[in-house]
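Below is one structure, written out as structure tokens; the observations come after it.
One is the number of the first residue; the rest follow in order along the sequence. Note that the coordinates shown come from a computational prediction; the quantities given were computed from them, not determined experimentally.
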Amino acid sequence: MKKIILIATGLLFVQLAAAEDLNCQISLNTKLVVNKNINLPMTRSVSFGEVEAFRFKINNFGNSKFQIEVFDGNNPSRGYADGVLRSPSDQIKWSFWSREILLESVCTLLKR
């Protein structure tokens with residue numbers, strides 16, 4: 001029983017240690033509408049905002065690989081932006097443009 005508790009505690013510690021601190025922003029027609037800091041454990045996803053019919057999520061695949069996932073409720077569809085974040089100067093950017101709307105999302109590491 002003690003071994004199981006030690007193993008579970010160790011796995012929890014490793015997963016927490018692998019979490020990344022990110023900042024994700026959403027701009028609508030060049031105006032910042034969402035600015036959120038996120039602690040994202042490895043192999044997890046976190047929603048970070050909704051703008052009009054769009055829902056935003058960031059996925060952590062581990063090994064510094066991340067993905068912005070955007071669900072468009074008007075046209076039941078999804079858009080993606082994949083990238084590697086190794087330093088605070090790296091970013092992942094997703095953009096959508098139409099005659100009615102300019103929508104952008106950017107995620108960066110806060111620290112490493």
Side-chain angles (χ1 to χ4, degrees):
M1 185 65 168
K2 286 184 181 181
K3 286 184 182 180
I4 293 172
I5 292 172
L6 287 173
I7 290 171
T9 303
L11 289 173
L12 179 61
F13 177 73
V14 168
Q15 192 171 29
L16 290 175
E20 298 283 1
D21 293 318
L22 303 172
N23 174 263
C24 292
Q25 300 177 344
I26 304 169
S27 297
L28 175 62
N29 298 325
T30 71
K31 293 182 182 177
L32 185 65
V33 292
V34 173
N35 185 10
K36 188 170 184 179
N37 291 340
I38 300 164
N39 182 269
L40 183 58
M42 189 171 19
T43 69
R44 302 283 184 191
S45 299
V46 172
S47 295
F48 64 92
E50 288 188 32
V51 176
E52 298 196 2
F54 294 86
R55 291 191 309 238
F56 293 80
K57 186 162 79 166
I58 183 80
N59 303 309
N60 182 350
F61 295 119
N63 201 24
S64 302
K65 296 177 184 172
F66 296 87
Q67 178 183 74
I68 296 174
E69 179 180 338
V70 183
F71 176 73
D72 179 355
N74 286 332
N75 302 321
S77 62
R78 295 183 193 283
Y80 300 91
D82 297 297
V84 175
L85 299 177
R86 291 197 174 104
S87 72
S89 63
D90 296 337
Q91 67 177 8
I92 300 172
K93 187 172 186 176
W94 175 89
S95 299
F96 176 82
W97 177 87
S98 73
R99 290 180 183 233
E100 295 84 25
I101 189 173
L102 170 60
L103 192 56
E104 296 179 306
S105 178
V106 177
C107 291
T108 58
L109 282 179
L110 289 175
K111 61 182 178 183
R112 175 109 306 188

Heavy-atom distance under 4.5 Å between the side chains of I26 and F56, does that happen here? yes
What's the spacing between E104 CD and N29 CG if we round to 0.5 Å? 10.0 Å
Is any side-chain heavy atom of F48 closer than 4.5 Å to one of L22? no
Can you tell me how far CG of L103 sits from CD of E52, rounded to the nearest 0.5 angstrom? 7.5 Å
Would you say the side chain of S98 lies within less than 4.5 Å of the side chain of I101, judging by non-hydrogen atoms? yes
Measuring from D90:CG to L85:CG, what's the distance to the nearest 0.5 Å? 6.0 Å
Treating Ile, Leu, Val, Met, Phe, Trp and Tyr as nodes and any side-chain heavy-atom pair under 4.5 angstrom as an edge, say whether I58 and V106 lie in one connected cluster. no
Would you say that F61 contacts Q67 through its side chain, given a criterion of any heavy-atom pair below 4.5 Å between the two side chains? yes
Do you know the tightest heavy-atom contact between A81 and W94? CB-CB, 3.9 Å
What distance do L102 atom CG and S95 atom OG have between them, rounded to the nearest 0.5 Å? 7.0 Å
Take F96 and F54, measure what ring pair (Phe, Tyr, Trp, His ring centres under 6.0 Å) needs, and give me the verdict at the end. CA-CA 10 Å; F96 176 82; F54 294 86; 5.3 Å; yes
Going through the distances and angles, do E69 and N59 end up as a side chain to side chain donor-acceptor pair (under 3.5 Å)? CA-CA 7 Å; E69 179 180 338; N59 303 309; 3.3 Å; yes
Between Q91 and T108 the two heavy atoms that sit nearest each other are CB-CG2, 3.6 Å
Can you find a heavy atom in the side chain of K36 that is under 4.5 Å from one in the side chain of N23? no
Do L109 and D21 come within less than 4.5 Å of each other through their side chains, counting heavy atoms only? no
Test your reading of the model: is there a side-chain donor-acceptor pair from S89 to the backbone of S87, 3.5 Å cut-off? no
Going only through I, L, V, M, F, W and Y residues with side-chain contacts under 4.5 Å, is there a path from L28 to I68? yes
At what distance, to the nearest 0.5 angstrom, does OG of S45 lie from NZ of K57? 4.5 Å
Between atom CD of Q25 and atom NZ of K93, what is the distance when rounded to the nearest 0.5 Å? 10.5 Å
Do N37 and L110 make a side-chain contact, defined as non-hydrogen atoms from C-beta onward lying under 4.5 Å apart? yes
